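Below is one structure, written out as structure tokens; the observations come after it.
Computed from a prediction, not measured in an experiment: that's the story for all the values here. Naming: A, B, ... by sequence-line order, numbering from 1 per chain.
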Protein chains: 2
Amino acid sequence: MGKDKKLNAEQKIIEAAADIFETKGFEGARMQQIADKAGINKALLHYYFRSKDLLFEKVFLKLAGKIFLKFIETFNIEGSIFDKIEMFLQIHQDLLYKNRKFPIFFFNEITRNPDLMRKLMLNLEISKKFQEITKQFDQEKKDGIIRQDVEVSHLIVNIISLSVFPYIGSPAIKEIMKEFDLNYEQFLDERRTMIAQFVINSIKV
Amino acid sequence: MGKDKKLNAEQKIIEAAADIFETKGFEGARMQQIADKAGINKALLHYYFRSKDLLFEKVFLKLAGKIFLKFIETFNIEGSIFDKIEMFLQIHQDLLYKNRKFPIFFFNEITRNPDLMRKLMLNLEISKKFQEITKQFDQEKKDGIIRQDVEVSHLIVNIISLSVFPYIGSPAIKEIMKEFDLNYEQFLDERRTMIAQFVINSIKV
DNA sequence: ACTATTTTTGACTAATTGGTTAAATCATAT
DNA sequence: ATATGATTTAACCAATTAGTCAAAAATAGT
């Protein structure tokens, strides 16, 4: 039954590939480097996954699927619309914090190959969730809890923009903050509560 | 004196390289493809710019410098803080609209090579401008025009997040909107006025 | 213990790619 | 025109890289 290293070469490959692809991107990643990191022979990569393209697609969809799933789960939060926004952002921030390298990797890859986004959406049932949340928001708008001119699609994009961009732009923000003797980590931490405040201030009547 | 094609091989190379690098990224770009697009021999690339790295760095700094310069100019806008935000966003949106491919390219490249950001900042005097704007904002905060709890660094990042992210996430947003029969172009257009409203609503007392 | 099947490897290949070189072409001044 | 220097090219090179293959090693079934 082998030692702990016997935990599936296939699994080890996927983990190593995820890490290399995430840091180097598809074009920058090297099959040899993935093999080294997984502690196996390069030929084994092709034995399990026929080509670099197929390995990448599998890894990408698995990784992005996992993260999007957690992301979508937060749509089920109960409570007032303001509670929802606060809770959603809390969980969303945690998710980003633990997967810092993911956003720029994800958006870069789907830009170079938009088909990946289509495939990802087929796996998940993302649009149904969006439809639900849209209805909920529209209802709360009718109830006069939030401003009438708040458009749900924009609100969602705004919330995601505010939380994701600081990770995408991290090297730029870090460099600029260095000039001001400001601390990027602290900056991220402050945003945890700030973003929700900023959004709620903006949409409440 | 030649015909119009005589406008500098060097210039033609830079334009072609900018286009290829922007769409394919450094790793994905091919020197041969750049040569083809510039309508010259591949060896000429190395004659003018010694290597792919040097060509890339020159093109990146030139392109990013040009865009950042326009970006920084907008900090000089006069008027009330709300006017400033509106004007800034107007110009910023135009700039993004005309350079759609730039944001994801830029942030991806500085992520893979943060040193580029440092070099870019040396060329421009970006931090001085940020310092000026910070003082201005702080003053208007003391004057009680905007909420006391508005932190300037966060406000700037928020504004940039809201305007830049929709371009970075374009393939994702497009795909999701397709499911809802929503139009991405119209969505971008709506944001031109929406973002300023969203920000101002949030920071006004 | 023996056989069949699966997993893993080392050595190899074909294609791509960044980069070089020496010769050819063009431009300019004398 | 012609010598000089800058520009451009075709042909080539060396290194890297994804992918292959046949043989070895491990695993499981009998």
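One interatomic measurement links the two molecules: OH of Tyr48(B) to C1' of dG18(C), which rounds to 20 Å at whole-angstrom precision. A straight line from CD1 of Ile20(B) to C1' of dT17(C) spans 15 Å, rounded to a whole angstrom. The distance from atom CZ of Arg30(B) to atom P of dG18(C) is 5 Å, rounded to the nearest whole Å. Rounded to whole angstrom, the span from the CD1 atom of Ile40(A) across to the P atom of dA24(D) amounts to 21 Å. Atom CD1 in Ile34(B) sits roughly 12 Å away from atom C1' in dT17(C) (whole-Å rounding). If you take CG of Asp36(A) and P of dA18(D), they are 12 Å apart, rounded to a whole angstrom. Rounded to an integer number of Å, the gap from OH of Tyr47(B) to P of dA22(C) is 16 Å. Note: CD (Gln32(A)) to P (dC12(C)) measures 16 Å, nearest angstrom.
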(message) Test salt bridge (Lys or Arg N to Asp or Glu O under 4.0 Å) on Glu27(B) and Arg112(B); report intermediate values, then the result.
(response) CA-CA 10 Å; Glu27(B) 293 282 0; Arg112(B) 311 294 178 218; over 6 Å; no
(request) Test Asp138(B) against Lys135(B) for salt bridge (Lys or Arg N to Asp or Glu O under 4.0 Å), laying out the working first. (result) CA-CA 5 Å; Asp138(B) 276 336; Lys135(B) 277 180 194 159; over 6 Å; no
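The side chain of Ala43(A) sits closest to dC21(D) out of dC21(D), dG19(C), dA6(D). Which of dG10(C), dT8(D), dG19(D) sits closest to the side chain of Ala9(B) comes down to dT8(D). Checking dT9(D), dG19(D), dT9(C) against the side-chain heavy atoms of Leu44(A) singles out dT9(C) as nearest. Side-chain proximity of His46(B) to the nucleotides dT8(C), dG19(C), dA18(D) is greatest for dG19(C).
The aromatic rings of His154(B) and Phe187(A) sit parallel to each other, their planes meeting at less than 30°, with 60° as the upper class boundary. Ring geometry for His92(B) versus Phe88(B): interplanar angle of 30 to 60°, hence tilted.
Between dG19(C) and Arg50(B), no contact under 4.0 Å exists linking OP1 or OP2 to a side-chain N or O.
In the interface, the side chain of Lys52(B) is not paired with the base of dG19(C) through any donor and acceptor atom under 3.5 Å apart.
Within the nucleic acid shown, Leu45(B) has no heavy atom closer than 4.0 Å to any nucleic acid atom. At the heavy-atom level, Ala29(A) lies under 4.0 Å from the strands shown only through sugar-phosphate atoms.
A cation-pi contact links Arg100(B) to Tyr97(B), judged by a cut-off of 6.0 Å to the six-membered ring centre and 45° from its axis.
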